[in-house]
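Everything on this sheet refers to the single structure shown next.
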Amino acid sequence: MSGSGDMNSDTSSPGRGRGRGRGFQKRVQQTNPPSPGTGGSGATNLADKKGLRRPLPETEAQLLAGDSLKPHVTASPAPEEDKIQTKPSSQFSAIVSNSTLSVNAPEFVPRNWVAEQEYIYPDVDVIDQVRETIFALTLRPGSFDDLMKSITETINSWVTDESTIIEIINIIFEQAVTEPNFRYTGARLCGHFSEHLRLKGETGNFRQHMMKRCHQEHLKREELVKDSNQVSRLHGFAMFMGELFLHMKIKVGNSWQRINILGTGLKDVAVTLLSHPTDSNLKCVGQLLKFAGAVLEDEERVMVNKPSGKSMDDIFQLIKKCTVEDSVSKHIKQMMLGVIELRASDWGRAESSPVVKSDAHNAFTFNQDDPFTQPEPVFYDSRGQQITRVQAGFQEEYPEVYSQSDVDEYVKWADPEQYDGYDEYGYDFDQGGMDDEMAAAYDQFVTENESFSIGHWNPT
């Protein structure tokens, strides 16, 4: 009956008949054997739960001895197919015996690896790049600093023979002699190359080859000055050599010095031109001395050993003779006299120029109340004498900005009492610039639009 009682007690268990039958209870009893004191019911009590098991005898002995524990792994024996072969096969032994690999090799190279081929750059045409650079500098001299780095690196990287350097020098020389806009920039270019180009051949570097090219042209000066078709080339050579004298220097110790031989050759060319006193030759000498005369004379003063050629005094003696020649035009004579005066004032570097007061200082009085008058600048020559605007080289492009009629018109508009409301064309600005006919048409337009608006919006 107790079994029936158990049966009845189970009827109140939730989930009865839902797969938790005798089989489940049997498995529970097998999984959880009855503990002592439980009455054989098979239920486990948390309070009566056993503690951890004692360590194995071997582990306990190691703990007592103070030795470090090694992981104790108990594993079932591996199947035959999982066992590592401890004896190499014959095929593996053959591969090892025939291998060329070494543990001491510096690098490992795969079997199918192909070495990368070094890229071979195409030959750079340095001459074409030099021509392009010169053309760009002729058109845009302000781009000098931007172009120098690339062209210098190209020449240093690709030019390995003197013949190419000589060809580059000939290109620069011809462009500077024949193109006035390139002479100053060409001299700067030569100064830059003489300092930064690294190639030095058996017969010299860039600067030395440029000096040789100038010497070749210097020897032909008498031939060129006598040929009317070639004399302009001598003029260009003289101006370019003057720029070279200013911009191409040589380093001596820790300081940069000008090349004296260029100054000597420059004075020789000036004497050759003065020996044939034509207007074009004298004009070239005048322009040359204006920008290089001060430096030429300074270098001559500091030289210990005076050159055997002509001095600046000799050159100016020839200039004075040219000013009395009948074949020389009046304009060129005035130009030569101006160069003489420029030298007399130490090439315009005098510390102070005498101020000569004259009635011209008071000829113009500035009226601060007159908005149409501006003070005229005063011009002086190299000796401090007052000169006119035209003598200073400024043309009278705007001799009179405002006429008297402009001033009268401005005063009439500015004074309300003199303003009658009409301009010179008869427009009445007080009426919005409309004449009588326009005003009548406008009134008619406004009237028509008002009647339309009233008729459209009137609700009656």
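The figures here come from the full heavy-atom set of this structure, side chains too, leaving out hydrogens, waters and symmetry mates.
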Quick one, Asn281 with Leu274, criterion side chain to side chain contact (heavy atoms under 4.5 Å, CB included). Give me CA distance, side-chain angles, the key distance, then yes/no.
CA-CA 7 Å; Asn281 291 344; Leu274 291 172; over 6 Å; no
Side chain to side chain, Ile165 and Phe193, heavy atoms closer than 4.5 Å:
no
Go through it in stages, so that I can follow the logic: the residues are Arg140 and Asp146, the test is salt bridge (Lys or Arg N to Asp or Glu O under 4.0 Å), and I'd like the CA-CA distance, side-chain angles, deciding distance and then a yes or no.
CA-CA 11 Å; Arg140 301 184 303 276; Asp146 298 333; over 6 Å; no
OG-CD1 distance between Ser327 and Ile332, expressed to the nearest 0.5 angstrom:
11.0 Å
Can you tell me if Asn205 uses its side chain to pair, donor with acceptor, with the backbone of Gln208 under 3.5 Å?
yes
Determine whether more than 12 heavy atoms belonging to other residues, nucleotides or ligands lie under 6.0 Å from atom NE2 of His276.
yes
Over all atoms of both residues, closest heavy-atom pair of Thr185 and Pro141:
OG1-CB, 3.7 Å
Taking 4.0 angstrom as the limit, do Lys249 and Glu195 come out as a salt bridge?
no
Closest contact, heavy atoms only, Gly253 versus Lys251:
O-CE, 3.6 Å
Can you find a pair of side-chain heavy atoms, one from Asp298 and one from Trp347, that are under 4.5 Å apart?
no
Please report the interatomic distance CD1(Ile172) to CD(Glu167), rounded to the nearest 0.5 Å.
11.5 Å
With a 4.5 Å limit on heavy-atom distance, are the side chains of Met239 and Leu244 in contact?
no
Between Asp227 and Asn229, is there a donor-acceptor pair closer than 3.5 Å when you use the side chain of the first and the backbone of the second?
yes
So do Thr133 and Val130 actually touch side chain to side chain, heavy atoms under 4.5 Å?
no
Can you find a pair of side-chain heavy atoms, one from Leu282 and one from Met335, that are under 4.5 Å apart?
no
With Cys214 as reference, evaluate Met210, Lys212, His218 under the side chain to side chain contact (heavy atoms under 4.5 Å, CB included) test and give the passing residue.
Met210
Taken to the nearest 0.5 Å, the spacing of Phe206 CZ from Cys190 SG works out to 4.5 Å
Please walk me through it: do Val285 and Val339 pass side chain to side chain contact (heavy atoms under 4.5 Å, CB included)?
CA-CA 10 Å; Val285 174; Val339 174; over 6 Å; no
Check Asp125 with Arg131, please: is the shortest side-chain N to carboxylate O separation under 4.0 Å?
no
Geometric cation-pi criterion, Arg183 with Phe240: 6.0 Å, 45°
no
Evaluation steps, side chain to side chain contact (heavy atoms under 4.5 Å, CB included), between Thr272 and Ser275:
CA-CA 5 Å; Thr272 301; Ser275 301; 5.6 Å; no
Measure from the side-chain N and O atoms of Arg349 to the backbone N and O of Asp346, and report whether any donor-acceptor pair falls under 3.5 Å.
yes
Could you walk me through whether Thr138 and Gln175 pass side-chain hydrogen bond (donor to acceptor under 3.5 Å, both in side chains), step by step?
CA-CA 9 Å; Thr138 305; Gln175 180 72 4; 3.2 Å; yes
Taking Glu174 first and then Arg233, would you say they form a salt bridge - that is, a charged N and a carboxylate O separated by under 4.0 Å?
yes
Do we get Arg188 above Phe144's six-membered ring, with its NZ or CZ under 6.0 Å from the centre and within 45° of the axis?
yes
Side chain Thr264, main chain Asn260, donor-acceptor under 3.5 Å
yes
Exceeds 12 heavy-atom contacts within 6.0 angstrom, atom CZ of Phe135:
no
Separation between CZ of Phe237 and CG of Leu266, rounded to the nearest 0.5 Å
8.5 Å
Please give me the minimum heavy-atom distance between Ile315 and Ala270, naming the atom from each residue.
CD1-CB, 4.4 Å
Sidechain-backbone polar pair: Thr164 side chain, Thr160 backbone, donor-acceptor under 3.5 Å
no
Measure from the side-chain N and O atoms of Glu300 to the backbone N and O of Met312, and report whether any donor-acceptor pair falls under 3.5 Å.
yes
Walk me through it: do Asp161 and Ser163 pass the test side-chain hydrogen bond (donor to acceptor under 3.5 Å, both in side chains)?
CA-CA 6 Å; Asp161 56 313; Ser163 60; 2.3 Å; yes
What are the two closest heavy atoms between Ala238 and Val269, and how far apart are they?
CB-CG1, 3.6 Å
Test your reading of the model: is there a side-chain donor-acceptor pair from Asn156 to the backbone of Thr152, 3.5 Å cut-off?
yes
Side-chain ion pair, Glu325 and Lys321, N-O less than 4.0 Å:
no
With a 3.5 Å distance limit and no angle check, can you tell me whether Glu299 reaches the backbone of Arg258 through a side-chain donor-acceptor pair?
no
Is the backbone N or O of Lys320 less than 3.5 Å from a side-chain atom of Thr323, with the two atoms forming a donor-acceptor pair by type?
yes
For Ser194 and Arg207, the nearest pair of non-hydrogen atoms, with its separation, is CB-CB, 3.8 Å
Within the 4.5 Å heavy-atom criterion, are Leu224 and Glu217 side-chain neighbours or not?
yes
Interatomic distance, CG@Leu147 vs CD@Gln129, rounded to 0.5 Å, equals 11.0 Å
With rounding to the nearest 0.5 Å, note down the distance linking CE in Met148 to CG in Leu137.
5.0 Å
Close side-chain approach of Glu243 to Met248, heavy-atom, < 4.5 Å
no
Is the shortest side-chain heavy-atom distance between Ile340 and Phe316 below 4.5 Å?
yes
Charged N-O contact under 4.0 Å between Asp279 and Lys333:
no
Using 4.0 Å as the upper bound for N to carboxylate O, is an ion pair formed by Lys220 and Glu223?
no
